[in-house]
Trainee: 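This is the structure I want to talk about, given as structure tokens.
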Amino acid sequence: MSKFKLLQVMLVTGTLVIAGCSSAPTDDAGMAEDMDTTEETRTTGLMPLGEAEVAEAEAPEEEPAMAMPSVRVVYFEFDSFSLSSAARNVLDRHVAYLRENPEAVIVLEGHTDERGSAEYNLALGENRAKSVQDYMNLRGVENSQMYVTSFGEMNPAVAESNEAAWARNRRVELQYQD
Amino acid sequence: MKKLWLSLTIMLTVALLAGAAQADRTITIIRGYDDPFRISVVPFVWDGSGSEPSEMSTIIENNLERTGQFDALPRSDMRSWPTRSESMVFREWRLLNQDYVVIGRARPLDNGRVEVTYELYDPYAERRMIARTLTGDRSQWRQLAHRASDAIYEEITGVRGVFSTKIAYVAIEDTGSGRRHTLYVSDADGEQEQAVFEADLPIMSPAWSPDASQIAFVTFAPDGSSEVRILTLGDGTVRTAAQRQGAINSAPAFSPDGRRLAYTSSRDGAANIYVMELSSGQVQQITRHWAIDTEPDWVDDDTLIFTSGRSGRAQIYRINLGSDDVERLTFDGRYNARARASVTGDRIVMVHNDGDGYNIATMDLGSRILQVLTGNPQDEAPSLAPNDSMVVYATTQGGTSRLAWVSIDGMVENVMPSRFGNVREPAWSPFTY
């Protein structure tokens, strides 16, 4: 099942590479559009109708460009660099965005909690960032769009010593470059 | 030795950072030995202006007490304060149960120099054990006291003293808008810290060259790549030794002969151990494993120890250069990392976790017996004194990390109060003379 999916993704990627930009929307582009729609719907459902949204709704001529995904961090278990299903859900949106915007460049910045040695954590943070890179590359994002860095335990998101803080600190931040 | 004095003098000219406020500087001695040597360090007499040289006796007293092996008699309990051998009354000190007595005097010389004379006595044998004279710059009175402490300690215990050595460490201070990272070099007692490198991005893993003239450390390029740099203390110059965009280059350790640098790099994918010939820059890959290999240190010029995650969790391994034979050294505990080898190469210290927090542990490489030395929840980055007697490490308690010392037998423990927010990754220098 998962092997089949992987094959599908690889085939699609292959198609894209061969077909280049000249081809009509492929299956994959269609999939990305679907995702975009669901995202829009959900956003509209959650947010009260503000003036901006009304204005947007009144100008439907151009197809709206895919928005940059708003969730730009994924979290990890202790001493692990495996991607959880929640992390993969977040990354799938970035995959769609990055494939839609091949000029977009992203820095994948790995971090750990403070426990254990700083150097081991520096390497662990890099492994986390590489997990994200590998996942997205396998789904069609060019490696040239992604840069991997790690700060290990040196730049915590929450500078506290408790389980909740540690969970927030074991992360990869996805930072889009200007 | 001349070289060191030179570098010290130049370091003193490096501007002290504002905000290095003089907080409570007293070191807390948590525990010591049951039956310490009883010693009286009589206040040194100083026939000059200013009071610093007369504090030399206090520094010597604190140095000795901090080892846990000495119990110093309060000055107020002394019956007299002799400063010359003629005025020593041995019986008086025997009545006070004193095993040893130190007396001394200092006088100003020309050109801002001072001369210090100190003497060590055994009142039971009615014998003078040491009588020495030191000269130095007026600004070096603290170093002179450390030098005297080294000699007194060695005469009594038979072990070379480490009071004149240095400790490098990283301090992280909140500036309000961000964090400032500073590499400091201080005396072994944490005093007289000098900022030697500063960065907005993190600084990690300071490591001394065997002649104590250079410190290798890790910092980050603006693009976030970690890189190894080497600071020369004498002139303050910094050069980049290992760097590659999109890869980590970190965890430096000078070889005992000073000619090579072991470090970690992910330049070929996974984090592995490399060795660089410093004169040529030529690099040799030492480990080849998909798991994390990092934190190399030298047991001798042909042998490295390092941390590897190849068993699933971090453990300590040993590899002989020139062979691919890797031997796992640690089996006690679920996590052992950041090992440092003793100068003699017969033991290591490391961070150890057996499920109950991160502690400092030591292992004798002969017997392979692992002994846990500390019991705090979060201790990191142990570094051995060059005489193998004490370990300095960073301990985090109440959200603040600071320097702490523990003796290699776990019997003596000291903590230094926090001075700059968080203090991390201490590295004990080699002998400096």
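Just so you know, these numbers come straight off a predicted model, no measurement behind them.
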Trainee: With a 4.0 Å cut-off on N to O distance, would you call B:R338 and B:E380 a salt bridge?
Mentor: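 So B:R338 does not pair with B:E380 through a salt bridge.
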
Trainee: Answer yes or no: does atom CG of B:D223 have more than 12 heavy-atom neighbours from other residues, nucleotides or ligands under 6.0 Å?
Mentor: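 Buried by this count: over 12 neighbours within 6.0 Å.
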
Trainee: Identify which part of B:I203 has an atom lying under 4.5 Å from any heavy atom of chain A, answering side chain, backbone, both or neither.
Mentor: backbone

Trainee: What heavy-atom pair brings A:D113 and A:E153 nearest, and what distance separates the two atoms?
Mentor: O-CB, 3.3 Å

Trainee: Before we go on, tell me: are the rings of B:F197 and B:Y184 under 6.0 Å apart, centre to centre?
Mentor: no

Trainee: Look at A:E160, A:E126, A:E119 and state which one has the largest set of heavy-atom pairs under 4.5 Å with chain B.
Mentor: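 The answer is A:E119.
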
Trainee: I need the residue from B:D174, B:T294, B:I248 with the largest number of non-hydrogen atom pairs under 4.5 Å to chain A.
Mentor: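 If we count pairs closer than 4.5 Å to chain A, B:I248 comes out on top.
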
Trainee: Less than 3.5 Å apart, any donor N or O on the side chain of B:S342 or B:R347 sitting next to an acceptor on the other?
Mentor: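 Side chains of B:S342 and B:R347: no pair found under 3.5 Å.
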
Trainee: Parallel, tilted or perpendicular: which fits the ring planes of B:W405 and B:W428, with parallel below 30° and perpendicular above 60°?
Mentor: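 Answer is perpendicular, since the angle exceeds 60°.
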
Trainee: If you count heavy-atom pairs under 4.5 Å with chain A, which of B:H181, B:R313, B:Q245 comes out on top?
Mentor: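 Most pairs with chain A among the choices: B:R313.
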
Trainee: Assess whether a salt bridge exists between B:E327 and B:R318, defined as any Lys/Arg side-chain N lying under 4.0 Å from an Asp/Glu carboxylate O.
Mentor: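 Looking at B:E327 and B:R318, the cut-off is met.
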
Trainee: Answer yes or no: are there more than 12 heavy-atom neighbours, outside A:Y147 itself, under 6.0 Å from its atom OH?
Mentor: no

Trainee: Could you tell me which of A:N127, A:L122, A:V148 has the largest number of non-hydrogen atom pairs under 4.5 Å with chain B?
Mentor: A:L122

Trainee: Once you measure the plane-to-plane angle for A:H111 and A:F151, does it fall in the parallel (<30°), tilted (30-60°) or perpendicular (>60°) bin?
Mentor: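 Ring orientation of A:H111 relative to A:F151: parallel.
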
Trainee: Can you pull out the residues in residues 75-84 of chain A with any heavy atom less than 4.5 Å from chain B?
Mentor: A:F78, A:D79

Trainee: Considering heavy atoms only, which positions within residues 164-178 of chain A lie below 4.5 Å of chain B?
Mentor: A:W166

Trainee: Quick check on B:S250 against chain A: is it the side chain, the backbone, both or neither that has a heavy atom closer than 4.5 Å?
Mentor: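 For B:S250, heavy atoms of backbone and side chain both lie under 4.5 Å from chain A.
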
Trainee: Could you go step by step and tell me if B:R424 and A:E114 meet the salt bridge (Lys or Arg N to Asp or Glu O under 4.0 Å) rule?
Mentor: CA-CA 12 Å; B:R424 303 169 51 101; A:E114 65 187 354; over 6 Å; no

Trainee: Just checking, is any N or O donor in the side chain of B:T395 or B:Q397 under 3.5 Å from an acceptor N or O on the other one?
Mentor: yes

Trainee: Please state whether the side chain, the backbone, both or neither of B:A381 comes within less than 4.5 Å of a heavy atom of chain A.
Mentor: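 For B:A381, no heavy atom lies under 4.5 Å from chain A.
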
Trainee: Which atom names give the shortest non-hydrogen contact between A:P102 and A:R99, and what distance separates them?
Mentor: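 For A:P102 and A:R99, the tightest heavy-atom pair comes out as CD-O, 3.7 Å.
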
Trainee: Is it the backbone or the side chain of A:E109 that comes under 4.5 Å from a heavy atom of chain B, or both, or neither?
Mentor: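 It is neither, since no heavy atom gets under 4.5 Å.
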
Trainee: Nearest heavy-atom pair of B:T287 and B:Q285: which atoms, and what distance?
Mentor: O-NE2, 2.9 Å

Trainee: Quick one: which of B:A337, B:S225, B:G269 has the most heavy-atom pairs under 4.5 Å with chain A, could you say?
Mentor: B:G269

Trainee: Strictly by modelled atom types, are A:N137 and A:D134 linked by a side-chain donor-acceptor pair under 3.5 Å?
Mentor: no

